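Residue numbering restarts at 1 for every chain, and letters A, B, ... go by the order of the sequence lines. Only a predicted model underlies this, so the values are computations on that prediction, with no experimental measurement involved.
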Amino acid sequence: MNTTLSKNYEPGQVEESWYAHWEQKGYFRSKPDGRPPFTVVIPPPNVTGVLHMGHTLNETVQDVLVRHARMSGFNACWVPGSDHASIATEAKVVQMLEKEKGIKKSELSRPEFMKYAFEWKEKYGGIIYHQIKKLGCSVDWDRVSFTMDDHYYAAVIKVFVDLYEKGLIYRGARMINWDPSAQTALSDEEVEYRDIQGHLYYVRYQVTGTDEYITIATQRPETIMGDTAVCVNPTDERYAHLKGKTIIVPLVNREVPIIFDEYVDPAFGTGALKVTPAHDINDYNLGLKHGLPTIDTLNADGTLSAAAQVFVGMDRFEARKAAVAQLRAEGSLVKEEEYSTRLGFSQRTNAVVEPRISTQWFVQMRHFADLALEAVTSGEVKIHPEERFLATYKYWLENIKDWCISRQLWWGQRIPAWYDADGKFVVAATADEAIAKFKEQHNIDHSPLTIRQDEDVLDTWFSSWLWPIEVFNGITQPGNPDINYYYPTNVLVTGQDIIFFWVARMIMAGQEYKNQRPFEHVYFTGMVRDKQGRKMSKSLGNSPDLLDLIDRFGADAVRFGILISSPAGNDLLFDDSSCEQGRNFNNKLWNALKLVKMWEGRQATDGSIADSRLPFAVEWFGQRLAQVKAQVEDLYKGFRLSEALKTVYSLIWDDFCSWYLEWVKPGFEQPIDNAVYAKTIEYFSELMQLLHPFMPFITEEIYHQLAERTDDLCVKQFTKGAPADASVLAQGSLLQDAISALRDARVKNNLKPKDPVTASIQTDARSQFAPIAAILGKQVNAEVQFVDDAVPGAITVVLGTQKFYLSSEQAVDTGVQKEQLLKDLEYHRGFLASVEKKLGNERFVANAKPDVVDAERKKKKDAEEKIEAIEKSLALLG
RNA sequence: GGGACGUUAGCUCAGUUGGUUAGAGUACUUCCUUGACAUGGAAGGGGUCACUGAUUCGAAUUCAGUACGUCCCACCA
């Protein structure tokens with residue numbers, strides 16, 4: 001035995017050295033050449049932290065696809081990178097500065113803050129890249145991209161200027177979502193709505209100059225000071241007499257008009273609505289329609305502004321309590337009830353989002369939505385799994401609203417708009433260009449520099465949407481060889497949660513700037529949950545650490561674990577035990593290697609081993625391999641990676657290890673036929689190749705352990721085999737069934753595996769069994785012979801229409817025999833009855849396809865033969 | 001309120017255009033530590049395919065409805 005192989009597979013060192021080897025050989029590096037490209041851009045992880053299990057799943061899926069393509073004649077290029085993640089990262093950096101250094105953002109200048117942010121990016125970007133490496137991802141490290149790289153930054157600015165000039169970007173005051181914690185505007189997509197148990201307050205407003213009151217209901221009494229009207233439905237008779245009247249807003253005693261609008265539902269609440277145009281989107285629209293003034297009673301940080309007159313400087317939630325208390329004291333609070341409602345929260349800071357009127361930059365989306373809709377409905381971009389996401393995608397695009405892209409932050413691409421002291425502005429990439437444009441557009445000379453740049457940065461997704469283009473410098477250097485060769489990319493693998501944020505917008509940008517889809521396929525992975533189905537989160541502590549998992553099980557086992565349980569698009573319940581299964585599989589492979597290595601140097605080259613088992617075993621496994629290779633290719637085409645892996649797993653464990661190796665295994669310390677040995681090495685190598693995209697490390701290791709090699713599995717090209725021979729496969733199944741049936745008979749009849757027995761097969765099946773009889777005999781430890789008649793006193797085993805007689809020197813318990821046979825008989829009679837019922841139905845015979853009817857007739861005949869065989873055996877038992 | 005998807009063994013899931021008395025992994029039961037592997041081997045039990053109805057010779061599969069679940073979207077105070 002080769003003593004250099006450890007008892008169990010030890011992944012740690014093997015993984016380290018193979019990754020280094022692949023890198024050193026440059027296998028992951030890609031340059032345009034004559035081969036067809038297979039391009040994948042990584043969804044750039046945010047530089048806010050470390051990779052979680054969702055990333056692990058995505059990266060693993062991508063690596064499988066990329067490695068498979070690389071081994072299938074493609075020039076595979078997988079671009080790694082990371083995303084500056086504007087608001088998310090800025091929030092983390094601000095938090096870190098306060099906690100660790102005691103520095104407030106307000107104490108820093110913009111350049112000082114950026115320095116800290118870049119330090120943060122270096123640190124976390126580095127951690128992420130290390131994890132990607134440990135997982136075995138075959139990314140091209142020469143192409144690492146970051147969404148704030150100089151060229152990338154320039155691309156974003158260029159696109160902004162271009163879209164502004166095309167009239168697709170505009171600046172204006174609109175009601176937007178405001179995050180009072182980060183103190184920035186947000187896009188609609190960055191707001192998450194959650195059901196909240198709140199209160200509904202009923203407050204009465206006095207009609208001016210009367211004793212009459214109108215009661216309104218509100219969830220936000222702290223905004224009463226911003227009321228500029230009360231609105232009722234024009235058809236509501238209760239309020240018809242109030243036309244032209246005014247009403248007094250409590251707390252501030254302001255006189256405002258009573259207005260009439262269909263918008264108000266008379267049946268809801270009291271049928272009267274307070275109108276606060278500054279703090280509610282509906283009220284804002286009503287205000288526009290009726291020409292109402294807008295009183296903004298909140299500051300950017302969520303405290304009450306001077307315009308509120310009361311509770312000034314108080315936080316909005318404190319002010320709510322104070323307002324309620326005062327209304328109650330005044331006798332204006334009519335009643336208060338529990339109310340369940342939905343509130344918008346900032347996705348990044350979790351602050352309650354405030355609707356706020358503010359001057360921001362927007363992208364006009366109708367134009368882009370049409371582009372993105374067309375790309376998918378035409379089938380140019382294919383979504384997997386289609387059924388689940390196509391409808392969502394379409395609905396969103398059909399109902400899209402303009403995209404607010406300005407953020408009141410520092411970490412990101414600064415908006416290239418330039419203002420003069422009068423508030424006039426131009427959009428230009430640089431200050432010099434801006435000055436020129438001021439001359440041109442406003443006829444004002446601002447040189448030397450008297451203009452200032454917009455303080456705001458762009459939404460992080462306004463840079464991410466260029467990812468598949470600008471990682472190849474397609475915006476900054478259009479038409480360069482890389483973009484021409486690698487674009488469009490082949491497949492995007494990502495989570496379904498960013499379908500709107502990112503996927504749809506990349507399609508828009510691709511159509512706009514390349515006039516072409518950014519990718520052919522989109523493969524959505526599900527969310528990774530724990531085994532109880534809960535989301536993985538830091539607070540629950542149920543999110544495993546990737547490096548720790550790799551440490552415990554090895555990267556191959558982790559890849560196996562996450563892939564084996566993840567059908568496309570479905571959420572996957574992750575549990576350590578699936579990694580354990582992967583580790584066990586490693587070990588199985590390792591032990592198969594050990595077995596084969598034991599044969600090394602013990603080959604008989606003189607043909608002296610005339611074991612009749614061998615030809616069939618070798619032939620059969622070759623056919624199985626051909627069959628599975630074809631199946632796996634089909635599964636790849638449908639992105640059914642989980643099933644592809646299961647198929648390969650079963651081929652290796654069941655067909656190769658449990659059947660094939662057992663069939664060709666020589667006796668203890670016996671030599672092996674050289675040709676069989678060579679074939680076995682070849683098969684084993686092919687299996688490793690088939691498995692390599694899923695489990696790259698151990699397969700490469702075993703490939704090299706099996707023989708002296710001058711090549712590496714990593715880049716070994718798949719070969720196309722001949723289609724499998726069905727008759728050989730059928731004979732293999734018959735053999736397996738016979739082995740199982742005879743072993744079962746041994747167990748049931750208490751015959752130990754070592755007890756010698758004779759298995760007699762009826763002569764009429766000789767041709768069928770001749771090639772496999774030797775294997776059968778060996779596997780069930782029996783002498784096999786062919787007989788014409790039933791063997792008296794033997795155990796009868798019925799398999800299909802075939803009878804076997806198992807005779808031994810030991811006494812046979814006929815009771816057990818009888819019981820088993822009766823059970824079989826019952827089953828087959830039931831089966832026969834169902835077939836006869838079908839065939840007895842004239843309409844079945846008349847309507848069903850002829851081959852279906854023939855199949856049923858054959859089933860009937862077989863069942864009858866089986867029953868006859870069993871009955872005969874029973875008769876023999878007496 | 002609108003929409004999408006799902007419901008198959010204890011658990012996680014396959015099941016291709018309707019056609020063997022429905023499969024896999026895992027868990028479970030029994031037996032086996034000979035000579036690759038107990039991280040293993042052999043054998044086995046376990047499901048009225050959510051429910052109701054329709055179409056059909058035939059339905060896990062097609063259609064309609066119901067229930068339950070998951071997710072997305074929506075400005076009702």
Does [N] pair with anything, Watson-Crick or G-U wobble, both distances under 3.5 Å, and if so, with which nucleotide?
N	value
B/U33	none
B/G44	B/C28
B/C71	B/G3
B/U66	B/A50
B/U56	none
B/G23	B/C13

Is the centre of the A/F656 ring less than 6.0 Å from the centre of the A/F621 ring?
-> yes
Hey, do the aromatic rings of A/F560 and A/Y649 have their centres closer than 6.0 Å?
-> yes
Identify whether any heavy atom of [X] sits under 4.0 Å from a base atom; if not, whether one sits that close to sugar-phosphate; answer base, sugar-phosphate or nothing.
X	value
A/F268	base
A/Q219	sugar-phosphate
A/E856	nothing
A/C231	nothing
A/W599	nothing
A/E192	nothing
A/R583	base
A/R342	base
A/L573	sugar-phosphate
A/Y263	base
A/D265	base
A/N8	base
A/Y339	sugar-phosphate
A/T215	nothing

[atom1] atoms of [N] and [M], separation to the nearest Å:
N	M	atom1	value
B/U29	B/C72	P	40 Å
B/U33	B/A42	P	15 Å
B/G10	B/A22	P	16 Å
B/U66	B/U26	C1'	33 Å
B/G19	B/C13	P	24 Å
B/A59	B/C49	C1'	11 Å
B/U20	B/G65	P	29 Å
B/G3	B/A24	P	40 Å

Can you tell me if the side-chain N/O atoms of [X] get under 4.0 Å from OP1 or OP2 in [N]?
X	N	answer
A/K646	B/U12	no
A/S740	B/A43	yes
A/K7	B/A38	yes
A/R746	B/C32	no
A/W653	B/G41	yes
A/T223	B/A77	no

Tell me which of A/A217 and A/N847 sits closer to the 5' end of RNA chain B, going by the nucleotide each one is nearest to.
-> A/N847
Upstream residue (5' side of RNA chain B) when A/W396 and A/A592 are each assigned their closest nucleotide | A/A592
Whole Å only: how far is the [atom1] atom of [X] from the [atom2] atom of [N]?
X	N	atom1	atom2	answer
A/F574	B/U12	CZ	P	16 Å
A/K849	B/G18	NZ	C1'	9 Å
A/R529	B/U12	CZ	P	13 Å
A/M598	B/A36	CE	C1'	5 Å
A/L661	B/G41	CG	P	12 Å
A/L563	B/G25	CG	P	18 Å
A/K665	B/G35	NZ	C1'	8 Å
A/E398	B/G3	CD	P	14 Å

Lys/Arg N to Asp/Glu carboxylate O, [X] vs [Y], below 4.0 Å:
X	Y	answer
A/R829	A/E826	no
A/K859	A/E856	yes
A/D236	A/R238	yes
A/D576	A/R552	yes
A/D862	A/K858	yes
A/E864	A/K860	yes

Side chain of [X] only, please: which of [options] is the nearest?
X	options	result
A/D744	B/G19, B/G15, B/G44	B/G44
A/N587	B/G44, B/G25, B/U39	B/U39
A/K838	B/G19, B/U26, B/A77	B/G19
A/T218	B/G44, B/A77, B/C75	B/A77
A/E662	B/A36, B/G19, B/C73	B/A36
A/R640	B/A14, B/G19, B/C37	B/A14
A/R743	B/C57, B/A42, B/C75	B/A42

Ignoring hydrogens and angles, does a donor from either the side chain of A/E643 or the base of B/A24 sit under 3.5 Å from an acceptor on the other?
-> no
May I ask you to decide if the ring planes of A/Y9 and A/W590 are parallel, tilted or perpendicular, using 30° and 60° as cut-offs?
-> tilted
So among A/F639, A/F389, A/Y523, which one has a ring pair (Phe, Tyr, Trp, His ring centres under 6.0 Å) with A/H384?
-> A/F639
